[in-house]
2 protein chains.
Amino acid sequence: MVKKTKIPEITITRLSNYFRVLDEFKRREFYNIASYQLAEEMDINDSQVRKDLAYFGQFGKPGMGYEMTRLKEEIQKILGLTRKWRVALVGVGNLGSALLAYKGFQGQGFHIIAAFDSDPKKMGKKWAGTVVYDITELKSIIRKERIEIGIITIPAPAAQEVANLLTKAGIKAILNFAPVRIAVPKNVRLSNVDLSLRLENLSFFLSR
Amino acid sequence: MVKKTKIPEITITRLSNYFRVLDEFKRREFYNIASYQLAEEMDINDSQVRKDLAYFGQFGKPGMGYEMTRLKEEIQKILGLTRKWRVALVGVGNLGSALLAYKGFQGQGFHIIAAFDSDPKKMGKKWAGTVVYDITELKSIIRKERIEIGIITIPAPAAQEVANLLTKAGIKAILNFAPVRIAVPKNVRLSNVDLSLRLENLSFFLSR
DNA sequence: AAGAATTTGTGAAATTTTTCACAAAGTCGG
DNA sequence: CCGACTTTGTGAAAAATTTCACAAATTCTT
Ligand SMILES: NC(=O)c1ccc[n+]([C@@H]2O[C@H](COP(=O)([O-])OP(=O)(O)OC[C@H]3O[C@@H](n4cnc5c(N)ncnc54)[C@H](O)[C@@H]3O)[C@@H](O)[C@H]2O)c1
Ligand SMILES: NC(=O)c1ccc[n+]([C@@H]2O[C@H](COP(=O)([O-])OP(=O)(O)OC[C@H]3O[C@@H](n4cnc5c(N)ncnc54)[C@H](O)[C@@H]3O)[C@@H](O)[C@H]2O)c1
């Protein structure tokens, strides 16, 4: 059934969350998990869980639920986490440095292979093991290193320009932290992490 | 019509985005903006824009669109951005330090009043102008300073514990950066910034 | 081996969200 | 002040997503 019906985007987010729940349950040494258990943990309906998984195959056993090891593997396959992803980060400032120092992504297969900055003071140095290159070298290094994902952590006014550089270099997905909406070609996947937006959301609910 | 019908949560996110677009257009010195312009900019349908705004009142003029200054003010009111929000941050590590150094939130009315950490080396010092307190002082300082929003930037295993401290101290909303699902009382608003989840999302779309 | 108990996978129903489409309200040029 | 335009606000229709509900599959108990 894979790729046949249109899969709601939110289903993908939930798959990631099922994965998290499975990790937590695994430590408690269960072998199987039922849809109602996953659902309870995530405050959703149990048939939602079954529908989400059924988009990709039949992983469960009636009467038994889902075998946890198997389900984790299946979700990993679905999300494309069985391979390594080569990532570049542009903008080694406050936020960029924090991301470079973070070891958590590595464990999930996301490897920051190269960093770029336009500040001569930062170029050539290493940050948490990653070399910081001159932004002018972006295209050649991204191609040479076969990097597919780009992270943008530069000030908003320069974000579009850098996004253009990234897409011209052949990057296929961008995670943008600059608080600005950037345009990318249709074949490039863009995901914005807009923290102000999140705070504004909290503000709205506190205000009512 | 305010608060009468149930407002979709995604409408709130779009309101924040309309606000961004208005900022961009403002620099170009227009007085009015039509729903179709906002919609075009955001790649959505123009009646979506009108529906979203109509939840909160009638801000537009037929034939003319929306007066930009007015609309910005209305959205600010709706999102609760006409007042200052007092924020506390827990965990002055890589990510926490970056957030403390960031001046962008200030401009939107979010002021990080106090920071907390459990590491004696960090306590008592200032980070980007914000005092770092001992985590044991959390409750008294949050109450004294009338802080309403908490940001969690500590390792995942300690996140639930700190969330408990925050809610017991009377905080009303939490922005959580730890990659773990935490439980909070129903009257506390929780928003998770899970960067791995975002990367996994990109990975899914790159894999298909 | 049969019967009770579970729980999946999935059509169908219900609900939510988006889009359509148009009357009503306003602008503008003459 | 009229007539041609433009664009809002909103019911109604369409589309998308979630929930219901149950036959079928599997296990468990005796
Ligand atoms: N720091 C935070 O906690 C935080 C929070 C929310 C959003 N953001 C956003 O993330 C982005 C980065 O924030 P920051 O605080 O790390 O900023 P920063 O000023 O500390 O770092 C920006 C870095 O980008 C580099 N840079 C600037 N223009 C460049 C270009 N054209 N090419 C390559 N490198 C370039 C600078 O040299 C600098 O090293 C900003 O858009 C900011 O709004 C940051
Ligand atoms: N650094 C990143 O870019 C990044 C990216 C994604 C997610 N995260 C998540 O954000 C969180 C923070 O990451 P980090 O890289 O800044 O970690 P870090 O280790 O650099 O900082 C954590 C800080 O929290 C403090 N701390 C630990 N336990 C505490 C407690 N019980 N009370 C008060 N303070 C406590 C530590 O002393 C330290 O200063 C983690 O959950 C991490 O998974 C970080």
Side-chain angles (χ1 to χ4, degrees), chain A residues 1-18 21-22 25 30-75 78 201 204, chain B residues 1-18 21-22 25 30-75 78 201 204:
Chain A
M1 199 189 279
V2 188
K3 299 190 192 186
K4 207 62 178 293
T5 13
K6 219 195 108 255
I7 295 151
E9 193 154 332
I10 194 158
T11 286
I12 308 310
T13 305
R14 280 194 298 260
L15 284 178
S16 282
N17 278 124
Y18 300 151
V21 177
L22 288 173
F25 269 73
F30 288 113
Y31 288 99
N32 292 293
I33 191 165
S35 57
Y36 77 85
Q37 291 175 294
L38 275 164
E40 209 165 71
E41 209 60 32
M42 284 179 52
D43 263 320
I44 58 174
N45 186 288
D46 58 332
S47 60
Q48 180 77 84
V49 175
R50 298 196 295 278
K51 269 268 153 77
D52 283 341
L53 296 174
Y55 281 119
F56 302 97
Q58 308 198 154
F59 310 134
K61 271 189 195 169
M64 285 296 279
Y66 301 85
E67 204 261 289
M68 292 186 52
T69 316
R70 163 91 194 284
L71 188 54
K72 278 200 70 177
E73 282 168 13
E74 294 292 351
I75 295 179
I78 296 165
N201 203 275
F204 171 79
Chain B
M1 198 189 277
V2 188
K3 298 189 189 190
K4 206 62 178 296
T5 13
K6 217 192 110 260
I7 296 152
E9 194 154 330
I10 194 159
T11 286
I12 307 310
T13 305
R14 281 194 298 259
L15 284 178
S16 282
N17 279 122
Y18 299 150
V21 177
L22 288 173
F25 269 73
F30 287 113
Y31 289 99
N32 293 291
I33 191 167
S35 58
Y36 77 85
Q37 292 176 294
L38 275 164
E40 209 165 72
E41 209 61 29
M42 284 177 54
D43 262 318
I44 58 175
N45 187 288
D46 58 332
S47 59
Q48 180 78 84
V49 175
R50 298 196 295 278
K51 268 267 152 77
D52 283 342
L53 296 173
Y55 282 120
F56 302 98
Q58 309 199 153
F59 311 134
K61 270 189 195 169
M64 284 296 278
Y66 300 86
E67 205 260 289
M68 293 186 53
T69 316
R70 163 90 194 284
L71 187 55
K72 279 201 70 178
E73 281 167 13
E74 293 292 351
I75 295 180
I78 295 165
N201 203 275
F204 171 79

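Values below: every heavy atom of this structure, side chains too, minus hydrogens, waters and symmetry copies. Throughout, a chain's letter reflects where its sequence line sits, starting with A, and its residues are numbered from 1.
- In Lys72(B), the NZ atom is crowded: over 12 heavy atoms of neighbouring residues, nucleotides or ligands sit closer than 6.0 Å.
- With DNA chain D read from its 5' end, the first of the two nearest nucleotides for Asn45(A) and Glu9(A) is the one closest to Glu9(A).
- The shortest distance between side-chain heavy atoms of Tyr66(A) and Glu74(A) does not fall below 4.5 Å.
- Within the 4.0 angstrom heavy-atom criterion, only backbone atoms of the sugar-phosphate kind lie near Ser35(A); the bases stay farther away.
- Look at CD1 on Ile10(A): it is 21 Å from P on dA15(D), rounded to the nearest Å.
- Of the possible donor and acceptor atoms, one in the side chain of Gln37(A) sits under 3.5 Å from a partner among the backbone N and O of Ala34(A).
- If you take CG on Leu38(B) and CG on Asn17(B), they are separated by 10.5 Å, rounding to the nearest 0.5 Å.
- Residue Gln58(A) places no side-chain N or O under 4.0 Å from the OP1 or OP2 atom of dG9(C).
- Two residues are said to be in side-chain contact when any heavy atoms from C-beta on lie closer than 4.5 Å; Gln48(B) and Arg14(B) meet this criterion.
- Counting to the nearest Å, the P atom of dG9(C) and the CZ atom of Phe56(A) are 14 Å from each other.
- The distance between atom CD of Gln37(A) and atom P of dT6(C), rounded to the nearest whole Å, is 13 Å.
- Donor-acceptor pairing under 3.5 Å, judged by distance alone, is present between the side chain of Lys51(B) and the base of dT19(C).
- In this structure, Arg14(B) reaches the dT18(C) phosphate: one of its side-chain N or O atoms is under 4.0 Å from OP1 or OP2.
- Phosphate contact (OP1/OP2 of dG9(C), side-chain N/O of Arg50(A), threshold under 4.0 Å): absent.
- Heavy-atom nearest nucleotides on DNA chain C were determined for Ser47(B) and for Leu53(A), and the one closer to the 5' end corresponds to Leu53(A).
- Across the protein-nucleic acid pair, Lys61(B) atom NZ and dA24(C) atom C1' stand 16 Å apart, rounded to whole Å.
- Remark: P of dT18(D) and CD1 of Ile7(A) are 13 Å apart, rounded to the nearest angstrom.
- Side-chain atoms of Asp52(A) and Tyr18(A), non-hydrogen and from C-beta on, do get closer than 4.5 Å to each other.
- One atom, CG of Asp46(A), and another, P of dC22(D), lie 15 Å apart when rounded to the nearest Å.
- Atoms CG (Asp52(B)) and P (dT19(C)) sit 10 Å apart, rounded to a whole Å.
- Between Phe204(A) and Phe56(B), the ring-plane angle classifies as perpendicular under the 30° and 60° cut-offs.
- A heavy atom closer than 4.0 Å to some atom of DNA chain C occurs in Pro62(A), Gly63(A), Met64(A), Gly65(A), Tyr66(A), these being the qualifying members of residues 62-74 of chain A.
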